[in-house]
Amino acid sequence: MVIASIDIQNGKVVQLKQGKELVLQRENAQELISEFDRYGEVAVIDLDAAMNKGSNLEMIKPLLRKAECRVGGGIRTPQQAQELISFGARKIIVGSSVFRDPAKKGAGKDGGEFFVNVSFLEEMSKKIGRQRLIVAVDARDGEIVVDGWKTPTGLDLIETAKAVEPFAGELLFTCVEREGTMEGINLAQVQKLREAVKCQVTVAGGVSTLAEIEEIAALNCDVQLGMAIYTGKINLTDAFIASLNWNKGQPSELNTVSEISSSILVAHKMLLPVIVQSTDGQVMMTGFADKTALAETFKRGNVCFHSRTRNKLWMKGESSGNVLKMQQLRADCDRDAILAIAKPAGPVCHTGAWSCFATNRNYTQEYLQNIIIDRFKNPAPGSYTATLDDKLVREKIMEEALELCEAKTRDEVIWEAADLLYFSTVLMTKAGVTVREILDELDRRNKK
């Protein structure tokens, strides 16, 4: 997986060389995060909080619902971490607080200040869950550094990584001496770290070529990119393609004749399976993509495949108009299969069915809202929805809420609840509120 980084300082997106020298500055965080989310998770780092110089939380909060974010920078308590999860963060990155406890100065090895703070890690892992916790093992020349990379700790990278692994689902290794320099990653150090731990490892610091991304991916590590993206040294589309496992499934790894025959067909053409899913989670179709098809998917904004029968590039819907508007691409854990989240412009299956796996679309609240939006935009003669103004819809909600409260039988509850859900969705739509925003709010309350 390729993770793009958004580092925030003084309310602006920045890139720093060695964590100090300002190289570039942007003010379009919302635009950047929407673009980066197409390729993978986005790392949002509060540099001011990391350096004890303030906080950019109010700027960060709205970003967390726009993309799948991992958040770091100055997170010093489990309560802070849980609050960020409730705002929509997928994962939490902790660093400096893992390696010291201000209340226990001198508790480290040989009486030093720095040590692996097991009690902090245990509490953090318990509060938000191990798989949501990422520990930043930032190192300069193999030594863990903290406080925005300013303070050396005397802790060895490899031994420290082994010590924190039981509490974290992932490690973020930044090669600090290479960070922001685009001089290339210390691959030997990455390999030693990969061999030392079994959890997921993400690598950052100095990555500047697609060849390096391929080498890091070959070690089964993810890569986090910053400077290389912002300066145009690396294109995210190319990085995403380079990070995939195009060589898995060679005949030597397989057992049966049928497996070998199928693998030869796919591996020879370097194809990966693509599962297409609607934004409300319903599987619509599967296909195969080569590198060209993936590049065209990002370029056109519509999902493209490699047609095995015609042996050429094929954009779904190029004849019928029923294109699949791409929202996100995600690789699976082995990076040899792709999930495409897309919005269909019409029926997906060649039979005319909405999905290749089901004749009819599941009726979700999101689907209901789409119908309501269409009724307002294209009012058909006799459409009741199109006649609903703000006053009338509010009156209907109060009426239906009362009738639901007075419902006696199971069937009455179903009937009245359906009415209330419909009118509530109409009011939401008129107010410009999406179903996703309501679910996000419920998610926030559940995670508090």
Side-chain angles (χ1 to χ4, degrees), residues 1-4 6 28-44 62-70 88-91 222 229 235-241 243-244 272-289 291 293-305 313-318 320-333 335 337-349 354-358 361-362 364-371 373-374 429 432-440 443:
M1 178 168 64
V2 174
I3 299 154
I6 294 181
N28 58 336
Q30 295 271 348
E31 179 184 329
L32 286 170
I33 204 162
S34 295
E35 172 64 15
F36 292 167
D37 184 54
R38 301 166 74 211
Y39 300 89
E41 291 181 8
V42 183
V44 179
L63 300 179
L64 303 185
R65 293 296 182 185
K66 289 182 70 70
E68 297 176 348
C69 298
R70 45 181 62 195
R90 293 296 183 95
K91 298 174 185 175
D222 293 330
I229 298 173
N235 177 280
L236 263 178
T237 294
D238 295 335
F240 178 89
I241 294 170
S243 73
L244 298 173
L272 295 180
V274 179
I275 300 94
V276 183
Q277 188 181 71
S278 66
T279 53
D280 58 359
Q282 299 175 65
V283 177
M284 294 186 287
M285 68 169 289
T286 62
F288 289 89
K291 294 180 179 181
L294 291 180
E296 287 297 313
T297 294
F298 286 117
K299 180 180 178 181
R300 302 184 191 191
N302 295 323
V303 181
C304 296
F305 303 91
L313 177 73
W314 165 55
M315 184 182 78
K316 173 65 181 172
E318 62 187 0
S320 66
N322 295 332
V323 297
L324 295 166
K325 186 69 175 176
M326 188 271 286
Q327 306 298 300
Q328 297 174 323
L329 291 191
R330 294 291 185 267
D332 75 341
C333 56
R335 293 172 290 105
I338 298 165
L339 178 67
I341 309 297
K343 291 183 178 180
V348 172
C349 187
W354 183 79
S355 163
C356 292
F357 297 94
R361 182 174 184 174
N362 292 344
T364 64
Q365 190 177 2
E366 184 179 272
Y367 183 35
L368 168 63
Q369 186 166 48
N370 288 336
I371 293 172
I373 290 171
D374 183 66
T429 304
V433 175
T434 66
V435 171
R436 182 71 263 165
E437 289 173 300
I438 301 300
L439 295 177
D440 284 345
D443 181 61

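If you take CG on L294 and CG on D238, they are separated by 11.0 Å, rounding to the nearest 0.5 Å. The distance from the CD atom of E68 to the CD1 atom of I3 is 11.0 Å, given to the nearest 0.5 Å. In this structure, CD on Q365 lies 8.0 Å from CD1 on I438, to the nearest 0.5 angstrom. The structure places CD1 of I338 at 11.0 Å from CZ of F288, a figure rounded to the nearest 0.5 Å. Annotation: the span from M284 atom CE to Q277 atom CD amounts to 8.0 Å, rounded to 0.5 Å. In this structure, CG on D440 lies 11.5 Å from NZ on K66, to the nearest 0.5 angstrom.
Looking only at atom types and distance, the side chain of T364 has no donor-acceptor partner in the side chain of N362 under 3.5 Å away. Under the 3.5 Å distance criterion, with hydrogens and angles disregarded, no donor-acceptor pair is assigned to the side chains of Q327 and T279.
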Between F305 and M285, does a side chain to side chain contact (heavy atoms under 4.5 Å, CB included) hold up when you go through it step by step? CA-CA 11 Å; F305 303 91; M285 68 169 289; 3.8 Å; yes
With side chain to side chain contact (heavy atoms under 4.5 Å, CB included) as the criterion, how do N302 and K316 come out once you've worked through the C-alpha distance, each side chain's angles and the decisive distance to 0.1 Å? CA-CA 8 Å; N302 295 323; K316 173 65 181 172; over 6 Å; no
Apply side chain to side chain contact (heavy atoms under 4.5 Å, CB included) to D443 and R65, showing your working. CA-CA 11 Å; D443 181 61; R65 293 296 182 185; 3.2 Å; yes
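Proximity of R38 to T297: side-chain heavy atoms (C-beta onward) are nowhere separated by under 4.5 Å. The side-chain heavy atoms of V274 and V276, taken from C-beta on, include a pair separated by under 4.5 Å. A 4.5 Å side-chain heavy-atom check between S278 and W354 finds at least one atom pair inside the cut-off. With contacts defined as side-chain heavy-atom distances shorter than 4.5 Å, the pair Q369/T434 qualifies. When side chains are defined from C-beta on, R330 does not count as touching I341, because their heavy atoms never get closer than 4.5 Å. Contact check for D332 versus L339: no side-chain heavy atoms found under the 4.5 Å cut-off.
Counting all heavy atoms, side chain and backbone alike, S355 lies closest to C349 at O-CB, 3.8 Å. Of all heavy-atom pairs between C69 and L63, the closest is SG-O, 3.8 Å. Heavy atoms only, all atoms of each residue included: C304 and A293 are closest at CB-O, 3.6 Å. Taking every heavy atom of both residues into account, L244 and A331 meet most closely at CD2-CB, 3.6 Å. Nearest heavy atoms, L324 versus A342: CB-CB, 4.0 Å. Counting all heavy atoms, side chain and backbone alike, V303 lies closest to M315 at O-CG, 3.8 Å.
Within a 6.0 Å sphere centred on CZ of R335, heavy atoms belonging to other residues, nucleotides or ligands number more than 12.
With N28 contributing its side chain and E31 its backbone, the two residues share no donor-acceptor pair below 3.5 Å.
One finds no salt bridge joining K343 and D280 here, because no Lys/Arg side-chain nitrogen approaches an Asp/Glu carboxylate oxygen to under 4.0 Å. For E41 and K91, the salt-bridge test passes: some basic side-chain N is under 4.0 Å from an acidic carboxylate O.
The aromatic rings of F240 and F298 sit perpendicular, their planes meeting at an angle over 60°, well past the 30° parallel limit.
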